[in-house]
Amino acid sequence: MKILNFGSLNIDFVYSVEHIVSPGETISSSQLNVYPGGKGLNQSVALARGGASVFHAGMLGEDGGMLRKTCEENHVDISLLRTVEERSGNAIIQVSAKGQNSIVLFGGANRKNDKEYIDEVLSHFEEGDLLLLQNEINLLDYLIELAAQRKMKIALNPSPYDEAVECCDLSKIHWLLLNEVEGYQITGEQKPDAILGQIQKRYPQLHTVLTLGKNGVIYQADLQRFTHGIYNVPVVDTTAAGDTFTGYFFAGIARGDSPQECLRVASIASSLTVSRKGAIPSIPWRDEVLGADLPLAAP
Ligand code: RIB
């Protein structure tokens, strides 16, 4: 099974602030760091650091040298990546003293994908290969249609949720990784049980991973559910915690690990990510994850 991640690549401008700025307020930041990021790229790096081989497709701007270098340093295959005359995607991220974040995105090159490019990229993949998607690029619905025609297995992380997700045919998706807010946006239900019940009813083919923040994660497939808690770590910056989870989860699936083991390893990896700054700089390598001895938080 080959893995294709068709997703965003962003330059993250990360401002350290006492608290997240309120409407009409002006505040000073104590630090500015510029990191490689983007949900797509973060997930590709997590897949690679988690031990999987991954192709990353998407659009870079002419200022995207740092993003290209990040892929190369992490052994992410970029033979299908393209550069366009645009700025690369970027994100303005505030991180508060409590480790909470708030993000403004500029799509830039991430929104320059066209059908001809998508056709070309997907022609390199076949039945049973995995296509991983997030919602920071354009033409998500077209990607899903085409990948389904090629009988690829499609995994969707519908984040950040907007009307583009509503245009996607979720009956063609095999894996859905979402949080409670996205669960509400998709199903209209607020409680985890009800969200999962609706998903099972509407899309019985789905293998769903519902992340619940400090309450851990629930996996649902074929009327079975497994849960996993979170680990106790000091929270420094939650940026890319979900992306790390997703990448590590699919690295485990690609290896043939059980869903329970995938949840365990992905939970350790994302806990390590929240304990340090930045998106990609905070994503751990597999050796560190397997060697980590973290205490499970009390349920
Ligand atoms: O999930 C974290 C990512 O969201 C950041 O790296 C930022 O680029 C935004 O896409």
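Ligands are counted one by one from 1 in listed order, and the atoms in each one are counted from 1 as well. The shown structure was predicted, so the numbers you read here are calculated from the model rather than taken from an experiment.
- With respect to atom 3 (C) of ligand 1, the closest heavy atom belonging to the protein is Asn42 ND2, 3.6 Å.
- For ligand 1, the polar-atom distance check finds no N/O of Thr239 at less than 3.5 Å from any of the ligand's N/O atoms.
- For atom 4 (O) of ligand 1, the closest heavy atom belonging to the protein is Lys39 NZ, 3.3 Å.
- In summary, the atoms of ligand 1 found under 4.0 Å from a heavy atom of Ala279, numbered by their order in the structure, are 6 (O).
- A salt bridge links Arg276 with Glu288: the distance from a Lys NZ or Arg NE/NH1/NH2 to an Asp or Glu carboxylate oxygen falls below 4.0 Å.
- Close contacts between ligand 1 and Gly38 involve ligand atoms 5 (C), 6 (O), 7 (C), 8 (O), 10 (O) [criterion: under 4.0 Å to a heavy atom].
- Checked against a 3.5 angstrom limit, the closest N/O atoms of Ile93 and ligand 1 fall outside it.
- Note on Arg225 versus Asp193: salt bridge recorded, some NZ/NE/NH1/NH2 to OD/OE distance being below 4.0 Å.
- Salt bridge Glu261/Arg264: present, at least one basic N to carboxylate O contact under 4.0 Å.
- Judged by distance alone, the side chain of Gln224 and the main-chain N or O of Ala221 form no donor-acceptor pair under 3.5 Å.
- Short contacts between ligand 1 and Leu105, defined as distances under 4.0 Å to a heavy atom of the residue, involve ligand atoms 9 (C), 10 (O).
- Residues passing the side chain to side chain contact (heavy atoms under 4.5 Å, CB included) test with Ser53, sequence neighbours excluded: none.
- Ring geometry, Tyr231 versus His228: the interplanar angle falls from 30° to 60°, so the pair is classed tilted.
- By the 30° and 60° cut-offs, the orientation of the rings of His75 relative to Trp285 is perpendicular.
- The atoms of ligand 1 that sit less than 4.0 Å from any heavy atom of Glu136 are 4 (O), 9 (C), 10 (O).
- Summary of contacts: the protein heavy atom closest to atom 2 (C) of ligand 1 is Asp243 OD2, 3.3 Å.
- Counting the atoms of ligand 1 from 1 in the order shown, those under 4.0 Å from a heavy atom of Ala91 are 7 (C), 8 (O).
- Glu116 and Arg82 are joined by a salt bridge, as a carboxylate oxygen and a charged side-chain nitrogen come within less than 4.0 angstrom of each other.
- Among protein heavy atoms, the minimum distance from atom 6 (O) of ligand 1 is reached at Asp12 OD2, 2.6 Å.
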